[in-house]
Amino acid sequence: MPELPEVETTRRGVAPWSVGQRVLSVEVREPRLRWPIPADLPQQLCGQQITAVERRAKYLLFRMASGSLLVHLGMSGSLRVIRDDSPLLRHDHVQIQLSSGDRLRYNDPRRFGCMLWLGSGESHSLLEGLGPEPLSDVFSGELLYVRSRGRRGPVKPFLMDGKVVVGVGNIYANEALFMAGIRPDRPAGKISLARYARLVEAVKQVLTSAINQGGTTLRDFVGGDGKPGYFAQQLTVYGRAGAPCTGCGRPLREVRLGQRSTVYCVACQR
DNA sequence: CGCTGACCCTGACGGC
DNA sequence: TGCCGTCAGGGTCAGC
């Protein structure tokens, strides 16, 4: 479910109700996520005030005086603010009671996400070695060009490699490559600097646009405020295999690259 | 180091 | 109606 725009949408939805609040209690109903939720997580959080909610790559970081709560939504996770008495649902694995009376609920059917504690000053292996944020100035055509030299693998998995740049998942990699007119299976090391500059602009544009529309809702994504995202209506290639290309009308082709479905136009993308 | 495929897990969907 | 295979927005890890 969540790519960077969905995680950022969640952050924006959750932050106003979280920042300044104190954690009263933490109920872990199912600790078996990607990595088990540490048994001492509740005691680390309890009594602490949330000072900020930040995002690095697709990780959410709830900042507190003695450390940070690190949350990843995996493929199917969501984090919502509960402001009424709505009942707990299937796969609501963690509930955090805030001093305002509101609650944060973490739901994740597939349990590919994680929820970990990061002490102040500690680094975490999950956050080390990550590439730059895609919406920062560090992410440039030059960066992709330099990092790709000598690489024979296709450009799409390269673009989705978190050590190169973070936050470009399968939906937006497909969309950005279409926007930039680049075939997803072209060897990364053979693409020119000028074309990489186009690709970077496309990534920034598609991510920014998706964030502004509250992310992409497929199946049941909801942001922190419980509202769906509206970017799905603008997807040009993802999920449209066989349908006509919005540029030339020819049917879009689907292949698998790095075990991910890849959709592109054989005419518009070279 | 770069690349590939297996794997973690539940649920939805299509074919029979 | 039920059963079975396939696929899904994430990422790590082992092996070559």
Side-chain angles (χ1 to χ4, degrees), chain A residues 1-10 29-37 55-60 70-79 89-93 106-116 124-131 134 144 146-177 184-190 203 206-207 210-211 213-223 228-235 237-242 254-263:
Chain A
M1 168 207 308
E3 290 196 32
L4 187 141
E6 291 73 49
V7 177
E8 178 62 20
T9 296
T10 298
R29 308 174 72 237
E30 173 56 86
R32 296 176 301 167
L33 304 186
R34 178 70 167 84
W35 296 282
I37 295 176
R55 180 189 57 74
R56 171 71 175 114
K58 293 170 190 163
Y59 294 97
L60 289 169
L70 184 153
V71 179
H72 196 287
L73 302 177
M75 283 277 255
S76 57
S78 61
L79 190 64
L89 302 175
R90 188 162 163 74
H91 305 303
D92 276 341
H93 301 319
Y106 176 84
N107 184 291
D108 186 3
R110 293 176 74 181
R111 293 191 275 117
F112 286 177
C114 67
M115 194 171 282
L116 299 168
H124 199 289
S125 57
L126 291 172
L127 301 178
E128 286 169 9
L130 289 178
L144 287 186
V146 170
R147 292 290 307 264
S148 64
R149 291 311 92 178
R151 292 181 74 143
R152 297 270 303 137
V155 63
K156 180 161 170 273
F158 169 72
L159 182 63
M160 293 174 68
D161 182 349
K163 293 187 290 299
V164 175
V165 58
V166 300
V168 185
N170 198 35
I171 296 178
Y172 302 111
N174 277 302
E175 295 299 313
L177 285 163
D185 60 352
R186 179 161 291 272
K190 289 179 62 181
V203 167
V206 73
L207 290 180
I211 288 170
Q213 288 171 77
T216 298
T217 291
L218 306 175
R219 301 180 235 299
D220 57 355
F221 170 77
V222 287
Y230 294 96
F231 192 72
Q233 299 159 24
Q234 291 172 43
L235 295 176
V237 286
Y238 182 84
R240 294 194 63 245
E254 177 164 24
V255 297
R256 293 194 79 76
L257 286 179
Q259 283 123 266
R260 305 262 154 179
S261 86
T262 301
V263 186

Participant: In Watson-Crick or G-U wobble terms, both distances under 3.5 Å, what is the partner of dG9(C)?
Facilitator: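 Check on dG9(C): unpaired, no WC or wobble geometry under 3.5 Å.
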
Participant: Check every atom of dG10(C), dG11(C), dG5(B) against the side chain of Y59(A) and return the nucleotide holding the closest atom.
Facilitator: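 Nearest to the side-chain atoms of Y59(A), counting from C-beta on, is dG11(C).
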
Participant: Ignoring the backbone of M160(A), work out which of dG10(C), dC9(B), dG5(B) is nearest its side chain.
Facilitator: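 It is dG10(C).
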
Participant: Give the nucleotide from the list dA8(C), dC9(B), dG11(C) with an atom nearest to the side chain of R111(A).
Facilitator: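 Output: dC9(B).
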
Participant: In whole angstroms, how far is the P atom of dC9(B) from the CZ atom of R34(A)?
Facilitator: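 Roughly 10 Å, once rounded to whole Å.
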
Participant: Between S261(A) and R256(A) (side chain of the first, backbone of the second, donor and acceptor by atom type, cut-off under 3.5 Å), is there such a pair?
Facilitator: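 A pair under 3.5 Å: no.
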
Participant: Nearest to the side chain of Q259(A) - dT12(C), dG5(B), dG11(B)?
Facilitator: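 Nucleotide nearest to Q259(A)'s side chain: dG5(B).
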
Participant: Return whichever of H91(A) or K163(A) has its heavy-atom-nearest nucleotide of DNA chain B closer to the 5' end.
Facilitator: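 In this pair, the answer is K163(A).
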
Participant: Can you tell me the base-pairing partner of dC9(B)? Count Watson-Crick or G-U wobble geometry only, both distances below 3.5 Å, and say none if there is no partner.
Facilitator: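 By the stated definition (distances under 3.5 Å), nothing pairs with dC9(B).
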
Participant: Between C1' on dC8(B) and NE2 on H72(A), what's the gap in Å once rounded to a whole number?
Facilitator: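 In whole Å, dC8(B) C1' and H72(A) NE2 are 14 Å from each other.
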
Participant: Strictly distance-based, threshold 3.5 Å: is any side-chain N or O of R151(A) a donor or acceptor partner for the main-chain N or O of F158(A)?
Facilitator: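 Absent.
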
Participant: How many Å lie between CG on D161(A) and P on dG11(C), as a whole number?
Facilitator: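 Answer to the nearest Å: 10 Å.
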
Participant: What nucleotide among dT10(B), dG11(C), dC3(B) has an atom nearest to a side-chain atom of R110(A)?
Facilitator: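 When the side chain of R110(A) is considered, dT10(B) is the closest of dT10(B), dG11(C), dC3(B).
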
Participant: Rounded to whole angstroms, how far apart are CG on N174(A) and P on dA8(C)?
Facilitator: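 The distance from CG of N174(A) to P of dA8(C) comes to 11 Å, rounded to the nearest Å.
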
Participant: Rounded to whole Å, how long is the line connecting atom CG of L159(A) with atom P of dC3(B)?
Facilitator: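 My rounded result for the distance is 14 Å.
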
Participant: Rounded to the Å, how far apart are Y106(A) OH and dG10(C) P?
Facilitator: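 After rounding, the gap between these two atoms is 14 Å.
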
Participant: Within the modelled atom types, does a donor on one side and an acceptor on the other bring the side chain of R260(A) and the base of dG10(C) under 3.5 Å apart?
Facilitator: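 Indeed there is one.
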
Participant: What are the two closest non-hydrogen atoms of T262(A) and K156(A), and how far apart are they?
Facilitator: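 It is OG1-NZ, 2.9 Å.
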
Participant: Would you say Y238(A) places a side-chain N or O within less than 4.0 Å of OP1 or OP2 belonging to dG9(C)?
Facilitator: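 For Y238(A), the contact criterion (side-chain N or O under 4.0 Å from OP1 or OP2 of dG9(C)) is met.
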
Participant: On DNA chain C, nearest-nucleotide positions of S261(A) versus S125(A): which is more 5'?
Facilitator: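 The residue whose closest nucleotide sits nearer the 5' end is S261(A).
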
Participant: Given atom NZ of K58(A) and atom C1' of dG10(C), what is their separation to the nearest angstrom?
Facilitator: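 My rounded result for the distance is 6 Å.
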
Participant: On a whole-Å scale, what distance lies between the P atoms belonging to dG5(C) and dC7(B)?
Facilitator: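 Per the computed distance, 16 Å lies between those P atoms.
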
Participant: Is there a donor-acceptor contact under 3.5 Å linking the side chains of D108(A) and S76(A)?
Facilitator: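 Distance-only check passes for D108(A) and S76(A).
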
Participant: Should the ring pair Y59(A) and H72(A) be called parallel, tilted or perpendicular, given that the plane angle runs from 0 to 90° and is split at 30 and 60?
Facilitator: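 Y59(A) vs H72(A) ring planes: perpendicular.
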
Participant: Between atom CD in E175(A) and atom C1' in dG9(C), what is the gap in whole Å?
Facilitator: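 Rounded to the whole Å, the gap is 12 Å.
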
Participant: Could you check whether R256(A) gets within reach of a base, just the sugar-phosphate, or nothing at all, counting any heavy atom under 4.0 Å?
Facilitator: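 Sugar-phosphate contact only.
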
Participant: Tell me what R151(A) touches on the nucleic acid: a base, only sugar-phosphate, or nothing, going by heavy atoms under 4.0 Å.
Facilitator: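 Result for R151(A) = sugar-phosphate.
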
Participant: Can F112(A) be classed as stacking with the base of dC9(B), given a centroid separation cut-off of 5.5 Å and a plane angle cut-off of 30°?
Facilitator: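 F112(A) ring does not meet the centre or angle cut-off for dC9(B); no stack.
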
Participant: Mind listing the closest non-hydrogen atom pair of V203(A) and P134(A) along with its distance?
Facilitator: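 Shortest heavy-atom separation between V203(A) and P134(A) comes out as CG1-CB, 4.2 Å.
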
Participant: Using a 4.0 Å heavy-atom cut-off across all strands, classify R32(A) as base, sugar-phosphate, or nothing.
Facilitator: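 Result for R32(A) = nothing.
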
